[in-house]
There are 2 protein chains.
Amino acid sequence: MATVSRTLQQPELVSPKTRAKVTRAIEQLNYKPNLMAVKFRSGKTHNIVVLVPTVANVFFARVIRGMQEAAAAEGYSLLLVNTMGDSATEQNYARMIHTSQADGVVQLRAFNPFSDNDADDQGLLPMVNACEILDTPQCPTVSLDNRLAAAAMTEHLVELGHQHIAMIKGPASSPLTRERMLGFKDALQAAGLKYCEELMFDGDFTLQSGYDAADRILSQSHPVSAIFCENDEMALGAISRLKAAGLRIAEDISVSGFDNIAFAKFSDPPLTTIAQPAEEFGETAINLLIDVLKGKAKRAVKVILPYQLIIRNSTGPAPAQPVRL
Amino acid sequence: MATVSRTLQQPELVSPKTRAKVTRAIEQLNYKPNLMAVKFRSGKTHNIVVLVPTVANVFFARVIRGMQEAAAAEGYSLLLVNTMGDSATEQNYARMIHTSQADGVVQLRAFNPFSDNDADDQGLLPMVNACEILDTPQCPTVSLDNRLAAAAMTEHLVELGHQHIAMIKGPASSPLTRERMLGFKDALQAAGLKYCEELMFDGDFTLQSGYDAADRILSQSHPVSAIFCENDEMALGAISRLKAAGLRIAEDISVSGFDNIAFAKFSDPPLTTIAQPAEEFGETAINLLIDVLKGKAKRAVKVILPYQLIIRNSTGPAPAQPVRL
DNA sequence: ACAATAAATGTTATCGGTTACATTATTCAC
DNA sequence: GTGAATAATGTAACCGATAACATTTATTGT
């Protein structure tokens with residue numbers, strides 16, 4: 001038995017002829033090692049639980065792809081969970097750490113799925129928080145400087161002459177929303193423009209919510225010459241509604257997105273947006289987590305990935321006179 | 001030890017006072033059962049490997065969501081694998097069945113990841129093939145009648161008066177492509193129109209490939225008044241290119257898709273397409289697989305889910321005279 | 001050729017639950 | 001109150017790979 005194990009794990013310790021014999025036997029008996037036994041014995045599952053708010057989101061799909069590849073390279077498997085942003089579900093699955101079904105967790109939402117008494121004094125929680133991160137994370141994080149990126153986008157709009165910029169936000173509970181709003185305000189202030197609460201509209205990152213928000217924008221009374229959407233899906237939804245109202249995108253009203261999903265390039269007009277290195281988010285998150293699992297990670301690693309302003313044709317110079325909505 | 005196990009598994013066999021004592025001890029010691037040990041002992045992992053060609057595909061994202069929910073309801077976890085359509089990767093992960101790391105496989109591509117000698121004589125392979133299915137599957141399948149659906153779409157175009165219909169296909173290796181092509185031909189023949197090989201263009205289900213195919217359509221000499229795309233992404237890519245050439249969608253040239261992804265409704269114009277019950281695909285696949293795992297499935301279950309023709313505004317009456325491309 | 005050493009192989013305990021079986025405690029009938 | 005039946009609890013083997021340790025076999029030096 002031990003010889004078989006050695007033949008597979010450290011062949012150099014086994015004489016060539018025994019090795020050959022064992023190899024032949026393995027072949028004949030069609031022997032397959034029971035890796036559950038290995039995992040059980042070693043206490044390492046090489047599984048990583050990934051908490052995804054919605055796998056149906058194009059951006060997350062890219063992040064997942066990045067995680068997948070990094071995990072595969074290190075011999076880890078991903079247990080993907082579509083949480084729908086439900087905290088109970090997240091806590092439920094995070095519990096797989098305690099029941100030895102997984103070694104670590106990647107959380108893509110700003111919520112700590114571990115209860116306080118889980119806090120492991122002698123070490124880090126085996127968790128990495130990516131994309132949307134907690135304000136006071138207990139674990140390594142991977143994020144974008146959303147505030148700076150939002151400011152950059154706003155500056156772009158301001159430079160085009162826009163003075164009345166509406167914003168379609170994500171859920172108020174999301175730190176992403178707050179960060180991007182702050183960046184938006186920063187840039188307005190820097191440009192000497194006043195921030196107007198009435199021009200902030202709620203959305204939930206879906207196409208439909210962008211459409212609905214644009215609908216509300218059209219039926220209110222403030223002038224608007226540009227709309228800053230907090231993601232591409234909402235921007236595309238908004239564009240759909242604005243076009244239905246007979247408005248020309250860029251000429252009459254500018255619309256910007258955030259994420260640079262594949263559809264952004266092929267929409268009409270192509271969408272001005274902020275590109276995020278989605279795959280790199282996933283890759284970095286997994287590698288950080290593996291570092292944590294190996295015990296060689298500092299408590300407060302905070303990776304900030306670069307954004308890129310991508311100017312396409314959905315934004316243009318502000319019209320001399322804001323169009324009547 | 002056994003008493004603890006009984007308290008958790010069959011409390012009715014344990015006297016109330018012992019039960020209380022055990023429960024208290026579990027509480028105090030913060031005892032968490034090692035489920036790896038359970039899985040190892042029982043030989044059941046309650047893991048399901050899901051082979052996804054691309055998680056970044058919006059349609060698959062919906063399928064995954066359906067699987068996720070069905071699996072969770074039955075206490076199974078999904079091991080998601082982004083295979084990029086690579087057979088070696090698929091075989092690799094399918095091997096997790098043999099190494100007792102997973103109980104079954106859901107394959108979303110027309111490829112059998114098991115080698116022939118894996119064929120388990122006394123039972124079914126623990127696999128279900130969904131969405132894109134094998135011609136001669138060894139396992140239960142969940143599919144759409146792609147041929148009928150494609151014919152329905154083609155009929156729609158024919159009824160609008162289109163006589164010169166191009167098709168942007170998926171990869172030739174995919175049965176989906178063949179099925180949809182057959183349906184296309186069926187409908188042409190039924191309408192007394194001739195099938196023209198030169199109007200078949202290759203794509204790979206991505207936005208870019210739709211764009212590129214449309215580019216090729218524009219630079220060839222046959223008249224074309226409608227384009228049947230084998231999925232929505234390619235249709236949206238094609239529309240992008242056609243618009244760039246100054247063509248009006250529906251008026252000058254009709255474009256249809258397949259899948260009814262979320263973006264189809266919000267594109268300009270909204271896309272005429274075939275709706276597939278994506279979540280139901282996933283749900284059905286998982287439930288079939290669990291039946292197989294429980295040994296209560298017939299060998300040749302073939303579930304065919306309904307499609308729905310969704311007519312929006314990307315298709316319109318054929319122009320009296322095909323526009324010069 | 002015979003130690004002394006190194007290399008190869010064999011043996012056994014172990015991980016943490018579950019299950020079959022053995023033992024002890026309780027209940028009930030007469 | 002005793003014995004038979006049942007209920008409750010304890011004991012030990014087991015799943016399969018591995019690692020520590022024990023033993024056997026091969027190699028080297030003198």
Side-chain angles (χ1 to χ4, degrees), chain A residues 1-47 49 75-77 79 95-104 118 120 122-123 126 293-295, chain B residues 1-47 49 75-77 79 92 95-104 118 120 123 126 293-295:
Chain A
M1 295 298 99
T3 306
V4 176
S5 179
R6 276 187 289 253
T7 307
L8 270 53
Q9 306 305 325
Q10 302 125 325
E12 70 279 6
L13 294 183
V14 180
S15 76
K17 75 169 189 290
T18 317
R19 212 184 302 166
K21 202 165 20 167
V22 171
T23 310
R24 188 151 25 82
I26 283 178
E27 190 70 26
Q28 285 181 353
L29 298 174
N30 194 26
Y31 164 82
K32 296 280 154 51
N34 180 335
L35 296 189
M36 281 312 270
V38 177
K39 290 176 170 188
F40 163 53
R41 180 99 215 301
S42 68
K44 301 283 164 211
T45 65
H46 282 240
N47 289 337
V49 171
Y76 280 81
S77 302
L79 291 168
R95 213 165 290 148
M96 291 179 80
I97 303 302
H98 300 126
T99 55
S100 313
Q101 295 185 87
D103 299 341
D118 288 334
D120 186 348
Q122 59 263 28
L293 295 177
K294 286 184 178 162
Chain B
M1 295 295 100
T3 305
V4 176
S5 179
R6 276 187 289 255
T7 308
L8 269 54
Q9 306 305 324
Q10 302 126 325
E12 70 279 6
L13 295 183
V14 180
S15 76
K17 76 167 189 290
T18 317
R19 213 184 302 166
K21 201 164 23 165
V22 171
T23 311
R24 188 151 26 83
I26 284 178
E27 190 70 27
Q28 285 181 354
L29 298 173
N30 193 26
Y31 164 81
K32 295 280 153 51
N34 180 335
L35 295 189
M36 281 312 268
V38 176
K39 290 177 171 188
F40 163 53
R41 180 96 216 297
S42 68
K44 303 281 165 211
T45 65
H46 283 237
N47 290 336
V49 171
Y76 280 81
S77 302
L79 291 168
N92 228 13
R95 213 164 290 147
M96 291 178 81
I97 303 302
H98 301 126
T99 55
S100 312
Q101 296 185 86
D103 299 341
D118 288 335
D120 186 350
L293 295 177
K294 287 183 180 165

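Chain identifiers are assigned alphabetically (A, B, ...) following the order of the sequence lines, protein sequences preceding nucleic acid strands; residue numbering begins at 1 within each chain.
- At whole-Å resolution of the value, NE2 in B:His98 and P in D:dG16 are 16 Å apart.
- Comparing A:Leu8 and B:Leu13 by the nucleotide of DNA chain D whose heavy atom lies nearest to each, the residue mapping closer to the 5' end is B:Leu13.
- At whole-Å resolution of the value, CD in A:Gln101 and C1' in C:dG16 are 14 Å apart.
- The nearest heavy atom of DNA chain D to B:Thr3 and to B:Phe40 marks one nucleotide each, and the one closer to the 5' end goes with B:Thr3.
- Between the side chains of A:Asn30 and A:Lys32, at least one donor N or O lies within less than 3.5 Å of an accepting N or O.
- B:Val4 comes within 4.0 angstrom of no nucleic acid atom, judged by non-hydrogen atoms across all strands.
- Comparing C:dA8, D:dA17, C:dT18 against the side chain of A:Ala37 picks out D:dA17 as the nearest.
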Can you give the dot-bracket line for DNA chain C, where a pair is Watson-Crick or G-U wobble with both atom distances under 3.5 Å, crossing pairs use [ ], and | marks a partner on another strand?
||||||||||||||||||||||||||||||
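- For residues 15-37 of chain B, no pair satisfies ring pair (Phe, Tyr, Trp, His ring centres under 6.0 Å), with sequence neighbours left out.
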Close N or O pairs between protein and nucleotides 20-27 of chain C (under 3.5 Å):
none

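- Between the CD atom of B:Gln9 and the P atom of C:dT19 there is a distance of 8 Å, given to the nearest Å.
- The distance from atom CE of B:Met36 to atom C1' of D:dG16 is 13 Å, rounded to the nearest whole Å.
- Counting only heavy atoms from C-beta on, B:Arg41 has its side chain closest to C:dT19 among D:dA17, C:dT19, D:dT18.
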